[in-house]
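These figures come from a predicted structure and were not determined experimentally. Residue indices begin at 1 and follow the sequence shown. The figures that follow rest on heavy atoms only: side chains count, while hydrogens, waters and symmetry mates do not.
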Amino acid sequence: MAHVKTPTVRGLARRDRMRTPAGALARSWTPPHVCACGSAYVSTYLCARVAASALVRAGESLGTPTVAAMDLFESTERTGSGVPEPGPNAPLAVRMRPRALDEVVGQSHLLTEGSPLRRLVGENAPATSVILWGPPGTGKTTLAYLVAGSRRFVELSAVTAGIKDVRAVIDDSKRRIATGERETVLFVDEIHRFTRTQQDALLPAVENRWVTLIGATTENPSFSVVGPLLSRSLLLTLQPLASQDLGALIDRALADERGLGGRVTLAPEARDHILRVAGADARKSLTLLEAVADAALAKGSTAPDALPEITAEITERTMDAALVAYDKSGDQHYDVISAFIKSVRGSDVDAALHYLARMVVAGEDPRFIARRLVILASEDIGMADPQGLVIAQAAADAVSFIGMPEGRIPLAEATTYLATAPKSNRSYRAIDAAIADVRAGKAGVVPEHLRDAHYAGAERIGHGKDYVYSHDAPGGVAHQEYLPDALRGAQYYRPTEFGFERTVTDRMTRIRDMLGRTES
């Protein structure tokens with residue numbers, strides 16, 4: 001039986017295409033060896049786009065209706081510009097995303113007339129790359145969509161995307177530019193999670209404006225974004241939203257048809273509860289509102305003609321507790337521990353316990369907290385209360401021994417002890433001053449009477465000669481020089497008048513008199 005070749009779908013499409021006037025033009029068209037968009041052969045996808053555009057233009061010039069070719073890079077879940085079009089089942093926070101700058105709440109410092117952000121939005125906006133830095137739920141993704149406008153928009157997450165994905169978007173944008181389209185807007189969420197190599201891969205595209213990069217980060221870009229990329233981008237800092245901003249969002253979501261469409265009412269105390277739990281996070285406030293609204297709609301109304309009401313009872317039953325804004329490897333980790341240490345140093349025991357509680361609730365490593373308390377006990381309490389170091393070390397041992405959640409108790413005890421103890425950093429300053437002298441070359445030789453004299457022949461070279469054993473001297477202090485000659489008379493430790501150091505001050509004065517060393 002003879003083999004019969006069955007035409008493929010692609011082959012049939014090509015045959016039909018060649019029967020059109022545009023197809024006839026394509027048969028007579030000889031492609032160049034190198035395409036205008038940089039490809040060597042027309043058979044590649046790179047030049048296929050150029051060829052398709054030529055066919056469409058040829059068909060239009062001959063009066064033949066043409067159908068736009070489907071782009072393999074397009075997604076059926078996005079609009080023509082590539083910006084996601086939320087469906088009816090999308091989360092409330094997605095459905096209520098602002099469609100224009102005038103709908104954005106908060107960030108007034110970025111939305112003034114003539115501001116850089118406003119110049120980036122619009123059909124004729126410049127191709128300026130932007131880094132958006134701010135806490136979660138402040139509108140970074142929303143602003144990225146607004147900046148994109150009608151331009152093609154591609155969204156990548158730095159958590160899952162790699163260099164291959166980035167280069168694919170850049171190459172596609174270059175193809176579009178070659179056909180007369182505008183550059184693609186590439187939105188990279190959590191850009192701080194990209195490695196240095198991955199961020200460096202973006203540099204040529206940003207430099208040559210092959211793409212407009214919008215990077216979103218919750219971490220300080222000075223530490224998380226490479227300098228060359230930061231210098232080629234506009235940095236916009238977003239501030240946490242105020243309660244009135246979140247309240248406006250909630251009220252809009254209750255009434256807007258994209259949101260709850262007036263199907264439920266919200267009691268004032270329930271509204272306050274949502275605002276308190278949401279903190280400064282717009283996304284969280286709308287997510288909580290959606291959850292309590294679903295509960296209220298499921299319960300229904302007690303009166304025949306009344307709308308279901310979101311009550312304080314429903315909100316408390318639906319929401320267990322506030323989620324603490326805390327990232328154990330990011331800015332919040334360092335900001336909260338910094339506030340904790342400074343509160344203990346400042347003797348504000350209540351503030352110190354607050355920040356301790358935030359770290360405990362967020363699941364911070366208790367050993368990290370204990371280590372910082374041990375350091376603080378020496379650095380900030382010091383000789384004003386030497387027992388502070390003992391308490392801090394005991395708390396660290398207890399945490400390692402018993403673990404959490406009981407470990408919070410010795411941590412709290414150490415925190416309250418250190419916060420209420422007298423403070424002195426004189427030991428800390430003394431060692432740093434001594435180190436500075438050593439690094440500056442002020443060391444000198446060890447005095448001969450202090451040198452090691454336990455070995456045979458040491459006495460013959462003068463080691464240990466004229467050394468006075470302190471316990472044989474009156475008061476246990478021998479009148480002899482201990483510092484090298486280059487540092488004779490130096491005084492590093494200067495005790496305060498606080499706590500135990502008041503006693504140390506009196507004793508140090510007597511000792512220095514016995515050593516023949518006067519105050520300088």
Distance (rounded to the nearest 0.5 Å) between T415 OG1 and H354 NE2: 13.5 Å
Are R426 and E501 ion-paired here, with the side-chain N under 4.0 Å from a carboxylate O? no
Please set out all donor-acceptor pairs under 3.5 angstrom arising from side-chain atoms of residues 240-251, sequence neighbours excluded.
| residue | atom | partner | partner atom | Å |
| --- | --- | --- | --- | --- |
| D245 | OD2 | A242 | N | 3.2 |
| D251 | OD1 | R271 | NE | 3.2 |
| D251 | OD2 | R271 | NH2 | 3.1 |

Where do V206 and S129 come nearest, in terms of heavy atoms and distance? CG1-OG, 3.5 Å
Does the side chain of V504 come within less than 4.5 Å of Y493's, by heavy atoms? yes
Validation row: P447, Y482 side chains within 4.5 angstrom (heavy atoms): no
Kindly give the heavy-atom pair with the smallest separation between A478 and L515, and that separation in Å. O-CD2, 3.3 Å
Inspect the contact between R429 and D432 and indicate whether a charged nitrogen and a carboxylate oxygen are less than 4.0 angstrom apart. no
Are S173 and L186 packed together at the side-chain level, in the sense that at least one heavy-atom pair is separated by less than 4.5 angstrom? no
A quick test of your reading: do over 12 heavy atoms of other residues, nucleotides or ligands sit less than 6.0 Å from CD of E481? yes
Could I get the full list of side-chain hydrogen bond (donor to acceptor under 3.5 Å, both in side chains) partners for Y428, not counting sequence neighbours? none
Please report the C-alpha distance between R510 and D513 in whole Å, then the side-chain angles of each, then the deciding distance to 0.1 Å, and finally whether the salt bridge (charged side-chain N to carboxylate O under 4.0 Å, His left out) criterion is met. CA-CA 5 Å; R510 296 195 303 271; D513 286 343; over 6 Å; no
Before giving the answer on salt bridge (charged side-chain N to carboxylate O under 4.0 Å, His left out), spell out for K140 and E155 the whole-Å C-alpha distance, their side-chain angles and the decisive distance to 0.1 Å. CA-CA 13 Å; K140 296 185 292 296; E155 181 175 355; over 6 Å; no
Does CZ in R367 sit with more than 12 non-hydrogen atoms of other residues, nucleotides or ligands closer than 6.0 Å? no
Only one of N220, V225, T218, T138 clears side-chain contact (heavy atoms from CB on, under 4.5 Å) with W133; which? N220
Any side-chain heavy atom of D165 within less than 4.5 Å of one from I163? no
Does the side chain of R372 come within less than 4.5 Å of L376's, by heavy atoms? no
Before accepting this row, confirm whether a basic side-chain N of the pair E448/K465 lies closer than 4.0 Å to the acidic partner's carboxylate O. no
How far does OG of S115 sit from CG of L120, to the nearest 0.5 angstrom? 8.5 Å
Residue pair T505 / E497, side-chain heavy-atom distance below 4.5 Å: yes
Heavy-atom nearest pair, P422 first then I381, reads O-CG2, 3.5 Å
Checking R97 now: which residues fulfil side-chain contact (heavy atoms from CB on, under 4.5 Å) with it, not counting sequence neighbours? V94, T141, T142, Y145
Heavy-atom check, side chain of L110 versus side chain of T237, under 4.5 Å: no
Side-chain H-bond candidate by donor/acceptor type, S224 with H192, under 3.5 Å: no
Y469, OH atom: more than 12 neighbouring heavy atoms under 6.0 Å: no
On a heavy-atom basis, which atom in G259 and which in L92 lie closest, and how many Å separate them? CA-CD1, 3.5 Å
Do the charged groups of D380 and R345 touch, with an N to O distance under 4.0 Å? yes
Does any part of the side chain of L373, heavy atoms only, come nearer than 4.5 Å to the side chain of F340, both counted from C-beta? yes
For D437 and Y492, test the side chains for any donor-to-acceptor distance below 3.5 angstrom and give the result as yes or no. yes
